Colleague: 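Take this structure first; my questions come after.
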Amino acid sequence: MTPHFRVGWGNTSGYIPYPGGGEKWGGNGVGDDLYSYGFDGAYLWTGGRSTMVIPSVNEPHIKKGDNIGCALDLSVPIITFFYNGMKIPGYFRNFNLDGMFFPCTLR
């Protein structure tokens, strides 16, 4: 199985990560629910759904030496990501501002 890595933001109003793995085990990683927002090098994730923003990326999407930036602007609100210094073409906007946001990774 190819390793999978995501980075992003979780919200204290509902994001409760728990470990998972193996057959029939769940995993509430960043982007797997409506209270977290993640990026894996090719897809944006929230609510357990993905949206491709960088096509034609071989797995693993994020490799050793890659640089992922994650900006959170609560005045808009908007979450943007950067991949090796380049802003990716997708973003999250107008999300719920209840609670506090904290950085997350899923590996």
Side-chain angles (χ1 to χ4, degrees):
M1 177 181 234
T2 303
H4 191 83
F5 179 80
R6 280 188 229 158
V7 62
W9 296 96
N11 187 299
T12 58
S13 287
Y15 178 63
I16 302 170
Y18 59 91
E23 188 176 343
K24 297 186 181 179
W25 284 80
N28 196 18
V30 62
D32 287 344
D33 64 16
L34 296 174
Y35 296 94
S36 62
Y37 310 89
F39 175 62
D40 71 359
Y43 297 86
L44 289 175
W45 289 84
T46 192
R49 295 178 183 240
S50 63
T51 302
M52 181 180 279
V53 291
I54 300 178
S56 304
V57 176
N58 295 326
E59 288 191 26
H61 304 307
I62 298 173
K63 299 170 190 65
K64 184 177 180 176
D66 285 343
N67 186 309
I68 305 298
C70 183
L72 172 64
D73 183 344
L74 296 176
S75 66
V76 174
I78 190 169
I79 297 173
T80 53
F81 293 91
F82 299 84
Y83 186 64
N84 291 328
M86 302 295 292
K87 185 175 178 182
I88 66 159
Y91 54 85
F92 297 107
R93 192 172 178 139
N94 298 324
F95 44 85
N96 190 332
L97 294 176
D98 293 343
M100 297 186 327
F101 286 86
F102 55 94
C104 305
T105 61
L106 166 70
R107 183 180 73 106

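Since the model is a prediction, treat every value here as computed from it, not as a measurement.
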Colleague: Closer than 3.5 angstrom, by distance alone: can the side chain of Asn11 be matched with the main-chain N or O of Asp98 as a donor-acceptor pair?
Modeller: yes
Colleague: Using the rule side-chain contact (heavy atoms from CB on, under 4.5 Å), only one of Phe39, Phe81, Trp9 pairs with Phe92; which is it?
Modeller: Phe81
Colleague: If I compare all heavy atoms of Cys104 with all of Tyr15, which pair ends up nearest, and what's the gap?
Modeller: SG-CE2, 3.5 Å
Colleague: Take the angle between the ring planes of Phe101 and Phe95 and call it parallel below 30°, perpendicular above 60°, tilted in between.
Modeller: perpendicular
Colleague: Could you measure the distance from the CG atom of Leu74 to the CE atom of Met100? Nearest 0.5 Å is fine.
Modeller: 11.5 Å
Colleague: Let me check something: any side-chain donor-acceptor pairs from residues 41-50 under 3.5 Å, sequence neighbours excluded? List them with distances.
Modeller:
unit_1 : atom_1 : unit_2 : atom_2 : d
Trp45  : NE1    : Asp40  : OD2    : 3.1
Thr46  : OG1    : Asp33  : O      : 3.4
Thr46  : OG1    : Ser36  : O      : 2.8

Colleague: Mind listing the side-chain donor-acceptor pairs of residues 84-91 below 3.5 Å, one per line with the distance, residues two or more places apart or on another chain?
Modeller:
unit_1 : atom_1 : unit_2 : atom_2 : d
Asn84  : OD1    : Asn67  : N      : 2.7
Asn84  : ND2    : Asp66  : OD1    : 3.2

Colleague: Between Gly8 and Cys70, what is the shortest heavy-atom contact and its length?
Modeller: CA-SG, 4.0 Å
Colleague: Using a cut-off of 6.0 Å, state whether more than 12 heavy atoms not belonging to Tyr35 lie near its atom OH.
Modeller: no
Colleague: Test of understanding: clusters of I, L, V, M, F, W, Y form through side-chain heavy atoms closer than 4.5 Å, transitively. Do Leu97 and Ile79 belong to the same one?
Modeller: yes
